[in-house]
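Single-structure report; data block below.
Just so it is clear: chains get the letters A, B, ... in the order the sequence lines come, proteins before strands, and each one is counted from 1.
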Amino acid sequence: MSNKFEIDPFLDFDLLKKLVVGIGEVSDITGVPTRKIRYWEEKGIIESEKDGEGTTRKYNYLNIKKILLIQELVEEGFTLDAAAKKVQDRMKNINEVFHKLANTASNKEDVD
DNA sequence: GTTCTCACA
DNA sequence: TGTGAGAA
């Protein structure tokens, strides 16, 4: 594993961190129906944020990634509980890489 | 567009 | 496990 990442000028991690969409957008992006997304959250396998109004769930890149992971695992034949467990473990790596990438992208000009 | 609940397969 | 329909 290399501890150095190549930064694509087309990848905007600052935008990714700010990217927050509603359940409708998530269903369109992930291909998962809104009922299913709410159903998963109801089971507690995923979490979502609320907007300033306190209504309508908001999903960021990590949430969408999580939903995508769950969807893929379930498609493979895993049950929601098993998929959620695997995703939870994998999300740690996702968060770590994501923050590392975002930090590196912000300091990509800081080269010796 | 979103939320919730009840009910069904 | 996932969806349909009704109501706000």
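For A:Lys58, the NZ atom sits in a packed shell: over 12 heavy atoms of surrounding residues, nucleotides or ligands are nearer than 6.0 Å.
Across A:Ile46 and A:Ile37, no two heavy atoms sit closer than the pair CD1-O, 3.5 Å. Summarising the geometry of A:Ser27 relative to A:Thr34, their closest heavy-atom pair is OG-CG2, 3.6 Å, with the distance given to 0.1 Å.
One atom, CG of A:Asp81, and another, P of C:dG2, lie 12 Å apart when rounded to the nearest Å. A:Ile46 places its CD1 atom 14 Å from the P atom of C:dT1, with the value rounded to the nearest Å. One interatomic measurement links the two molecules: OH of A:Tyr39 to C1' of C:dA5, which rounds to 18 Å at whole-angstrom precision. The separation between A:Phe78 atom CZ and C:dG2 atom C1' is 20 Å, rounded to whole Å. Between the CG atom of A:Asp28 and the P atom of B:dG1 there is a distance of 10 Å, rounded to whole Å. A straight line from CD1 of A:Ile70 to P of C:dG2 spans 10 Å, rounded to a whole angstrom.
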**Message:** Go through it in stages, so that I can follow the logic: the residues are A:Leu80 and A:Tyr39, the test is side-chain contact (heavy atoms from CB on, under 4.5 Å), and I'd like the CA-CA distance, side-chain angles, deciding distance and then a yes or no.
**Reply:** CA-CA 11 Å; A:Leu80 275 183; A:Tyr39 178 69; 3.9 Å; yes
**Request:** For salt bridge (Lys or Arg N to Asp or Glu O under 4.0 Å), just list the numbers for A:Glu41 and A:Arg57, CA-CA rounded to whole Å, side-chain angles, deciding distance to a tenth of an Å, and then say yes or no.
**Result:** CA-CA 10 Å; A:Glu41 186 175 5; A:Arg57 299 163 175 80; 2.6 Å; yes
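Donor-acceptor pairing under 3.5 Å is lacking for the side chains of A:Asn63 and A:Ser48.
Taking 4.0 angstrom as the limit, A:Trp40 places a side-chain polar atom (N or O) nearer than this to OP1 or OP2 of C:dG2.
Of the listed nucleotides (C:dT3, C:dG2, C:dT1), C:dT1 has the atom at the smallest distance from the side chain of A:Thr79.
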So which protein N/O to nucleotides 2-5 of chain B N/O distances come out below 3.5 Å?
| residue | atom | partner | partner atom | Å |
| --- | --- | --- | --- | --- |
| B:dT2 | OP1 | A:Gly24 | N | 2.5 |
| B:dT3 | OP1 | A:Arg57 | N | 3.0 |
| B:dT3 | OP1 | A:Arg57 | NH1 | 2.8 |
| B:dT3 | OP2 | A:Arg38 | NE | 3.0 |
| B:dT3 | OP2 | A:Arg38 | NH2 | 3.0 |
| B:dT3 | O5' | A:Arg57 | NH1 | 3.3 |
| B:dC4 | OP1 | A:Arg57 | NH2 | 3.3 |
| B:dC4 | OP2 | A:Arg57 | NH1 | 3.0 |
| B:dC4 | OP2 | A:Arg57 | NH2 | 2.6 |

